[in-house]
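Atoms within a ligand are numbered from 1 in the order they appear, just like the ligands themselves. The structure presented is a predicted model; accordingly, all values stated were derived computationally and were not measured.
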Amino acid sequence: MADTLTITDNRTGKTYDVPITEDTIKAIDLRKIKVEDNDFGMMTYDPAFMNTASCRSAITFIDGDKGILEYRGYPIEQLAEKSTYLEVAYLLIHGQLPTTGQLSEWQHTITHHTILNENFRQLIDSFRFNAHPMGRMMASIAALGTFYPESKDIFDPAMRMKQIHRILAKVITIGAFNYRNSIGMPYAYPDNDLSYTGNFLNMMYRMTETKYTPSPVLERALDVLFILHADHEQNCSTNAMRAVGSSHVDPYSAVAAACAALYGPLHGGANEVVLQMLTEIGSVKNVPDFISRVKSGEGGRLMGFGHRVYKNYDPRAKIIKNVADQVFEITGRNPLLDIALELERIALEDDYFVKRKLYPNVDFYSGLIYQAMRFPTSMFTVLFAIARVSGWLSQWQEMLDDADQKIARPRQIYTGPKRRDYVPAEKR
Ligand code: CMC
């Protein structure tokens, strides 16, 4: 048996053998299929990359039918239970779990890069108080790159790693400083004695106390949420990171572009919209009516449900439900939880959702936890972005080191007018 695909072009009667590797054929191999010698050759048409692998990747594995998610081979359930976000970030970036020595050096390095240049405050001060946190995040990360012109040197391994440290470290400071600015509070500077998430909570919420002590339960819950959001293979924002990074721009610009992709309500913006949806539904008794409106197309989508890849329960949503219970024990139960549970119960029994394999995704419950932890709804996507930075950067590195990759440049099928002559305005 040969590992080839034989294609017969019925326009010409010619037959072609195309090599198959890993259940995949290379689109470029179709280029030799032509009717006339001077034809461009055959292409594939795949809007939204529904069935196109844009890269080979050794970072994240998803089996959408079975509901499996693994980072570098480690099941998400084990990482969420036993690891920390910074250890997972190391795993994603370096490919292996760190030794004790490597982990403490990594934690030390990230912790000691959290300070922002003081000039950066002026930039944050210049946003309007009500500017959306994701708009602030995108602009801030792009602007951060202007402080490090050497970051353009993306093929120097040490320089590249330095930017990775800086971005991982400073996103929490950027997120928190922008929040403090929006509520008119003085900035709370990083405290190097705290963990990554503890430090973030410190910069978000410290008031007049000299030392902020985060609740260990909330600190751990946030850490688990960051682990769950750290990477998700070739999603919209990662694709943006890789596509923009493929032009060899500095990583700050590429991360800003990935943030822009994440901001949309069909992607990372969904957690914010889920909360708005739950608030609008208002009460458990309104759930059946809301579901009917979704099914008839009048009520929009059931946000936080469905996924391009998962056609089963999103494994992250299962873990988040447990985290929610732990958080609500400290913060008190979020009253919107009952509405969410009822939505899930009805949807999982309803033919419309069952037939389309629509299950709760990562965003369905995460917002309820963030709200209980006092994060404003508009900041939910920022929390997603902070965690996803580790995934974006590991995918960016992998792309730069991959000899198969070139500047991203899809083809198109031109559907516009045939060549025609310009007509002066008075004759149109
Ligand atoms: N509520 C109601 N119907 C839905 C939903 C939903 N949430 N999601 C998909 N459908 C229906 C859709 O109308 C279509 O029905 P039909 O075949 O009758 O036209 C069918 O299911 C397939 O939908 P699709 O839009 O072709 O699926 P997709 O793979 O292109 O979209 C998705 C995936 C996540 C964009 C979509 O499920 C969605 O819009 N969900 C709500 C937004 C959301 O929760 N996004 C977060 C995703 S997880 C985190 C992340 O990636 O950032």
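Identified under the ring pair (Phe, Tyr, Trp, His ring centres under 6.0 Å) test for residues 48-83, with sequence neighbours left out: none. Counting only residues at least two apart or on different chains, the side-chain hydrogen bond (donor to acceptor under 3.5 Å, both in side chains) pairs with a member in residues 328-344 are Y313-E344, K321-E344, R333-D338, N334-Q371, E342-R345, E344-Y365.
With salt bridges taken as basic N to acidic carboxylate O contacts below 4.0 Å, none links E398 and R160.
R220 pairs by the salt bridge (charged side-chain N to carboxylate O under 4.0 Å, His left out) definition with D223, not counting sequence neighbours.
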- Can D231 and Q395 be said to form a side-chain hydrogen bond (donor to acceptor under 3.5 Å, both in side chains), step by step? CA-CA 9 Å; D231 195 53; Q395 300 269 352; 3.0 Å; yes

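Residues with a heavy atom under 4.0 Å from ligand 1: L266, H267, G268, A270, V294, R301, L302, M303, G304, F305, G306, H307, R308, Y352, R356, L358, N361, V362, D363, F384.
The side chain to side chain contact (heavy atoms under 4.5 Å, CB included) test with L262 is passed by exactly one of T238, T381, N235: T381.
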